[in-house]
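Because only heavy atoms are used, hydrogens play no part in the values below, and waters and symmetry mates are left out as well, while side chains stay in. Because the structure is a prediction, the values reported are computed rather than measured. Each chain gets a letter, A, B and so on, in the order its sequence line appears, and its residues count up from 1.
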There are 2 protein chains.
Amino acid sequence: MTESGENKLMYYFKKWSDISEDDETIILSAFETTSIKRKKDLLVTGDVCQYLYFITSGCLRSYYVDEKGVEHIYQIRMDNNWISDLESFFSQRPSKYYIEALEDSQLLRISTERLEQLYTQVPKLERYFRILFQKAYINALERLNATMWESAVDRYNNMLKEHPDMFQRVPLVYIASYLGITPESLSRIRKKK
Amino acid sequence: MTESGENKLMYYFKKWSDISEDDETIILSAFETTSIKRKKDLLVTGDVCQYLYFITSGCLRSYYVDEKGVEHIYQIRMDNNWISDLESFFSQRPSKYYIEALEDSQLLRISTERLEQLYTQVPKLERYFRILFQKAYINALERLNATMWESAVDRYNNMLKEHPDMFQRVPLVYIASYLGITPESLSRIRKKK
DNA sequence: TTCATTTCTTAACATAGGTCAAGTATCCGG
DNA sequence: CCGGATACTTGACCTATGTTAAGAAATGAA
């Protein structure tokens, strides 16, 4: 496990939940490092998502493929974020999604059993994850409202403001899909500026 | 506090988190009952959302009003569900939303401070709410995918299957808005059946 | 029981964004 | 540093859903 990897992970744990030295050691030992090459899959449809991943560095997308074979991206995540298919991870049922690396990435991962164990060993972690999911849920509702009621142009502008970094690192095809539009539409929106 | 009200609340707490007799007493004493009449507001835009509400019986909607004065419903909740503006509730900043009763409703409520206190008194509650938000987040992502990538017809059919009870109790205007379409569109969809 | 209000439907027309197809630019692996 | 693969743009045309407007049906308060 790289030094910087550990530190970033702990930073976010400590931010919301007060963790002792001992707890810190226990937590760190529960995670393992992995890395993944650009274009490789971390998860494929039909598999059970075995891990919850923390992205130390890099960039990944999660998407599903509809009956017509079209990919729909619902998440793009970069450094210092969690990624997983939570539904599959927590239910241990086959996933409907793919998770693919858009850049060579460094990850920390933890399995369901190990995480459950960790909750028992360090009950304060429940608080961290409670707040994490609380925030994630609030964000998801915001994004839902935006996709339902705002125009593609507004969503694009908003994304440009909120995640300017993504435009540096992620191909526009993927950003278009994340915004819920076609690459052609995104291209037209950008032209108008 | 009505007997049935208490019981339903505790049922959901105990389902995910094991709560002792003593804990139960503490939890119950932290909630207060309120009721609200049909068409009355539980929360109006600009106010800080002071409470997290558990619906013992009844039905409420949350919505926001855009610049053009159009209402957009993002949540309809009935018996045995939580309702609140979580963003405002947790940040204690003014809300962007309204919460209005669609039926006369019975509620249990708890304030931010009281809830924080309760987390300290009964740390196991963190687990309950962690799982609650986890599930809520997963649902919100599903709904996001559906609104982005499925047709209005598919979303309607899905809602009919998932929440048939809503069609008995909630006017179609509101269901249309919840689905992200106009009442006219919903009417056309229903005619085609 | 009745009438005002709210809810739902229908139809004609408008529009954002999708689809298809083709061409250009850019990137990255050998 | 070259060439095929990937990413991006453009244009013509199409479609799902929105808009406006009007009337019918259902509901609930007096």
Item checked: Within 45° cone of Tyr97(B) ring axis and under 6.0 Å: Arg61(B) NZ or CZ -> no
Checklist line | Side-chain donor/acceptor of Ser177(B) to backbone N/O of Val173(B), under 3.5 Å | finding: no
Note to self: Measure CD1/Ile189(A) against C1'/dC8(D) and give the value in whole Å, please.
What the structure shows: 14 Å
Check: Using the ring of each side chain (for Trp, its six-membered ring), is Phe13(B) parallel, tilted or perpendicular to Phe129(B), with breaks at 30° and 60°?
Finding: perpendicular
Note to self: Without decimals, in angstroms, what is the distance between Leu186(A) CG and dT9(D) P?
What the structure shows: 7 Å
Notebook entry, point to check: Would you call the rings of Tyr12(A) and Phe54(A) parallel, tilted or perpendicular if under 30° counts as parallel and over 60° as perpendicular?
Noted result: tilted
Margin query: I need the CG-C1' distance between Leu172(A) and dT10(D), as an integer number of Å.
Written below: 15 Å
Under 3.5 Å, which protein N or O atoms sit close to an N or O of nucleotides 23-26 of chain D? Give each pair with its distance.
none

Margin query: Tell me whether Arg109(B) forms a cation-pi arrangement with Tyr53(B), defined as NZ or CZ under 6.0 Å from the six-membered ring centre and within 45 degrees of its axis.
Written below: no
Check: So do the side chains of Ile83(B) and Ser62(B) get within less than 4.5 Å of each other, counting heavy atoms only?
Finding: yes
Margin query: In this structure, how many angstroms lie between the C1' atom of dA7(D) and the OH atom of Tyr174(A), rounded?
Written below: 9 Å
Checklist line | Length of the line joining Met148(B):CE and dA16(D):C1', which is rounded to integer Å | finding: 18 Å
Notebook entry, point to check: For Lys39(A) and dA5(D), is the shortest distance between a side-chain N/O and OP1 or OP2 below 4.0 Å?
Noted result: no
Check: Can you find an N or O donor on one side and an acceptor on the other, under 3.5 Å apart, linking the side chain of Arg188(A) with the base of dG11(D)?
Finding: yes
Checklist line | 5′-ward residue of the pair Trp149(A)/Pro183(A) relative to DNA chain D | finding: Pro183(A)
Item checked: Rounded interatomic separation in angstrom, taking CD from Glu184(B) and C1' from dA22(D) -> 12 Å
Check: Between Asp22(A) and Thr25(A), is any side-chain donor less than 3.5 angstrom from a side-chain acceptor?
Finding: no
Margin query: Just the rounded figure in Å: distance from P of dT27(D) to CD of Gln168(B).
Written below: 12 Å
Next item on the list: Measure from the side-chain N and O atoms of Asp41(A) to the backbone N and O of Glu100(A), and report whether any donor-acceptor pair falls under 3.5 Å.
Entry: no
Notebook entry, point to check: So, do Tyr63(A) and His72(A) have ring centers that fall under 6.0 Å from each other?
Noted result: no
Notebook entry, point to check: Which nucleotide of DNA chain C is the first, and which the last, in the 5' to 3' direction, to come under 4.0 Å of a heavy atom belonging to chain A?
Noted result: dG17(C) to dC28(C)
